[in-house]
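Both counts, for ligands and for their atoms, begin at 1 and track the order of listing. The structure displayed is predicted, hence computed values, not measured ones.
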Amino acid sequence: MTKVITYGTYDLLHYGHIRLLERAKALGDYLIVGITSDDYDKTRGKINNQQSLMERVAAVKATGLADEIVVEEYEGQKIDDIRRLGVDIFTVGSDWEGKFDYLNEYCKVVYLPRTEGVSSSEVRAEKRKLRIGLVGTAVFRTKFVKEAKYVNGVEVVGVCASRSSDESELKDLFYTDNYDELLEKVDAVYIISMPEKHYEHAKKALLAGKHVLCESPVALTKAECKELFTIAKERNLILMDAIKTAYSTAYERLVLMAKGGRIGKVVSVDAVCTSLRDGISIERTDLSKKWNSMCGWAPAAMLPIFQIFGTRYDSKVFYTMFQSKKDNIDAFTKIDFVYPSGVATVKVAKGAKSEGELVISGTKGYIYVPAPWWKTDYFEVRYENQEENKRFFYQLDGEGIRYEIVAFAKAVESKRNMSYVSQDISEAISGVIEDFDKRKDLIEI
Ligand code: CTP
């Protein structure tokens, strides 16, 4: 019996895939199809799959051509599969010509001519693109435009703000200072205006029937945040809190590990985020145009705390050093949260510097995420006995922004909120910012 193996993603199974499978099958008597896992595709930079692994497996199964299906999960698996399954022929389409010659050592390698004129990428692109408009001037917006280019099915079309000369990424976009005009031309907005404008910008967009991806905090009070989510729900629109860290695979996994008992019972979460880069301490800076440390950093720093301990803390205290009280600019803020069975701290600063690490302490061990933890691809689980320590690495492209845009586009398409930041967390974040602004439980240092 001649065993043949072939590999692929098989997203939105099309005629080209079926022809490949038919010819692969004809090369022998028994066809094994390797289908890439979502995680493995991510490491290969394939982030746009519309279908999950299970859906892709089901589609290949339904062709009736595969005698066996395996999931491809890691680099180097092909050799393992060929040996393990006793494969005689390895085959793929001619788009891979030459790339798998190294497998000749283990079996015969055949490149089959690729079917012209069809690909998963093209099928995905045929769908109408989600047109996104940007609102606001935060420097972060150029990153967003750059990252959106990697995502199938979205297009950043315009910006509502004043034109700035040094942003070459934005030069092809439509510019306006009239928000209504932008809203007319888009299906969704990404809001990066000053935090005090988020509520107004988000509400207007939602009332105009547009989906919203909003930098955190979504609003400066809990009630306003809740109101926005209610409007979105009533109108069947997506409102997503844009904390990019939530979309980093490593971050997502470490939160699951902490919650799953890997370090015992979690007793403390300590998150530090600081940056001096955008200069609130520089003399003559117009502080009224700056994000304070609380709005700039605290949403990301509170995320692991709320995801692990929940949003119902017993108490909290702010310790703040102000840069300018009049402009509500804090150079440094530490927040202590007390929960029924644990404690947490946030340290955020734009006018002070510290080590930007995340430590989650448990009764059996701790999770350590080195700086800058908010854009991490790596973490360690550490124990008293160092031999038990484990290190984890997960590919991270575009600081998580790319995956966040993928999730947003998928949510809009499926009309299901796929935000990794739940509504109660967005509301809790807005609630903490509200208390800070009211100087509730705040000790000045
Ligand atoms: N294939 C083919 N003809 C096509 C498209 C794909 O023969 N028109 C083959 C590929 O060479 C590969 C297998 O089908 O051996 C699975 O390919 P996959 O990467 O899943 O499909 P693509 O349509 O190429 O996907 P994408 O556009 O995302 O790269």
Side-chain angles (χ1 to χ4, degrees), residues 2-28 30-79 81-82 85 87-104 106-129 148-155 395 397-398 402-403 405-406 409-410 413:
T2 308
K3 275 192 172 181
V4 182
I5 197 162
T6 187
Y7 292 87
T9 303
Y10 302 101
D11 188 32
L12 306 171
L13 196 85
H14 54 68
Y15 172 64
H17 292 141
I18 293 170
R19 282 208 53 209
L20 187 285
L21 293 175
E22 282 169 348
R23 286 172 295 153
K25 176 126 184 156
L27 290 174
Y30 188 85
L31 178 65
I32 306 164
V33 182
I35 305 181
T36 46
S37 71
D38 297 324
D39 260 10
Y40 182 50
D41 266 335
K42 238 182 194 181
T43 67
R44 305 193 304 147
K46 260 200 169 196
I47 58 163
N48 286 305
N49 291 344
Q50 299 286 304
Q51 294 183 300
S52 67
L53 171 65
M54 294 310 275
E55 290 169 312
R56 292 182 285 117
V57 167
V60 171
K61 223 181 218 168
T63 65
L65 292 163
D67 296 294
E68 186 175 341
I69 290 176
V70 294
V71 176
E72 187 183 20
E73 294 182 280
Y74 58 90
E75 181 101 44
Q77 187 182 324
K78 291 187 179 76
I79 295 176
D81 287 345
I82 291 167
L85 301 166
V87 169
D88 304 291
I89 301 175
F90 168 92
T91 185
V92 274
S94 51
D95 42 326
W96 294 98
E97 187 82 50
K99 297 261 168 49
F100 293 105
D101 289 355
Y102 69 93
L103 294 175
N104 269 313
Y106 308 91
C107 65
K108 190 173 165 195
V109 175
V110 177
Y111 298 101
L112 291 167
R114 189 181 158 91
T115 307
E116 292 299 315
V118 59
S119 72
S120 300
S121 309
E122 276 160 338
V123 178
R124 288 190 291 258
E126 272 163 24
K127 295 187 183 162
R128 193 173 151 279
K129 282 199 170 175
K149 294 200 171 118
Y150 292 95
V151 182
N152 280 172
V154 308
E155 188 181 9
Q395 177 90 10
D397 296 304
R402 206 175 292 179
Y403 311 145
I405 304 173
V406 170
K410 278 193 181 161
E413 197 186 317

Closest to atom 17 (O) of ligand 1 (judged by heavy-atom distance), picking from Arg19, Glu97, Glu122, His17: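 Looking at heavy atoms only, His17 sits closest to atom 17 (O) of ligand 1.
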Nearest non-hydrogen atom to atom 11 (O) of ligand 1 belongs to which of Leu112, Asp95, Thr9?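 Comparing heavy atoms across Leu112, Asp95, Thr9, the nearest one to atom 11 (O) of ligand 1 lies in Asp95.
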Which residue supplies the protein heavy atom nearest to [atom], what is that atom called, and how far is it?
| atom | answer |
| --- | --- |
| atom 19 (O) of ligand 1 | Lys46 NZ, 3.4 Å |
| atom 8 (N) of ligand 1 | Val118 O, 2.6 Å |
| atom 15 (O) of ligand 1 | Gly93 N, 3.0 Å |
| atom 23 (O) of ligand 1 | Ser120 N, 2.7 Å |
| atom 28 (O) of ligand 1 | Arg124 NH2, 3.0 Å |
| atom 6 (C) of ligand 1 | Arg114 NH1, 3.3 Å |
| atom 26 (P) of ligand 1 | Ser121 OG, 3.4 Å |

Check whether more than 12 heavy atoms from other residues, nucleotides or ligands sit under 6.0 Å from atom NZ of Lys61, and answer yes or no.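 12 or below, so no.
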Close N or O approach ([X], ligand 1; < 3.5 Å):
| X | answer |
| --- | --- |
| Ser94 | no |
| Trp96 | no |
| Tyr10 | yes |

Picking from His17, Arg23, Glu22, what satisfies side chain to side chain contact (heavy atoms under 4.5 Å, CB included) with Leu20?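 Going through His17, Arg23, Glu22 one by one, the side chain to side chain contact (heavy atoms under 4.5 Å, CB included) with Leu20 is satisfied by Arg23 alone.
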Check each heavy atom of Leu20 against ligand 1 and say whether those closer than 4.0 Å belong to the side chain, the backbone, both or neither.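 For Leu20, only side-chain atoms sit under 4.0 Å from ligand 1.
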Can you tell which part of Glu116 has a heavy atom less than 4.0 Å from ligand 1: side chain, backbone, both or neither?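 For Glu116, there is no contact with ligand 1 at all, from either part.
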Let me confirm one number: the [atom1]-[atom2] distance from [X] to [Y], rounded to the nearest 0.5 Å.
| X | Y | atom1 | atom2 | answer |
| --- | --- | --- | --- | --- |
| Phe90 | Ile82 | CZ | CD1 | 6.5 Å |
| Asp41 | Asn49 | CG | CG | 4.5 Å |
| Asp95 | Leu112 | CG | CG | 10.5 Å |

Are any of the side-chain heavy atoms of Leu12 and Gln51 separated by less than 4.5 Å?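 Contact flag for Leu12/Gln51 side chains = yes.
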If you compare all heavy atoms of Val154 against all heavy atoms of Ala148, which two are closest, and at what distance to 0.1 Å?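 Heavy atoms of Val154 and Ala148 come nearest at CG2-O, 3.6 Å.
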Set out, in order, the CA-CA distance, both residues' side-chain angles and the distance that settles side chain to side chain donor-acceptor pair (under 3.5 Å) for Thr2 and Asp88, then state yes or no. CA-CA 6 Å; Thr2 308; Asp88 304 291; 4.9 Å; no
Do Lys78 and Phe100 form a cation-pi contact, if we require the NZ or CZ to be under 6.0 Å from the six-membered ring centre and within 45 degrees of the ring's axis?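 No, Lys78 and Phe100 do not form such a contact.
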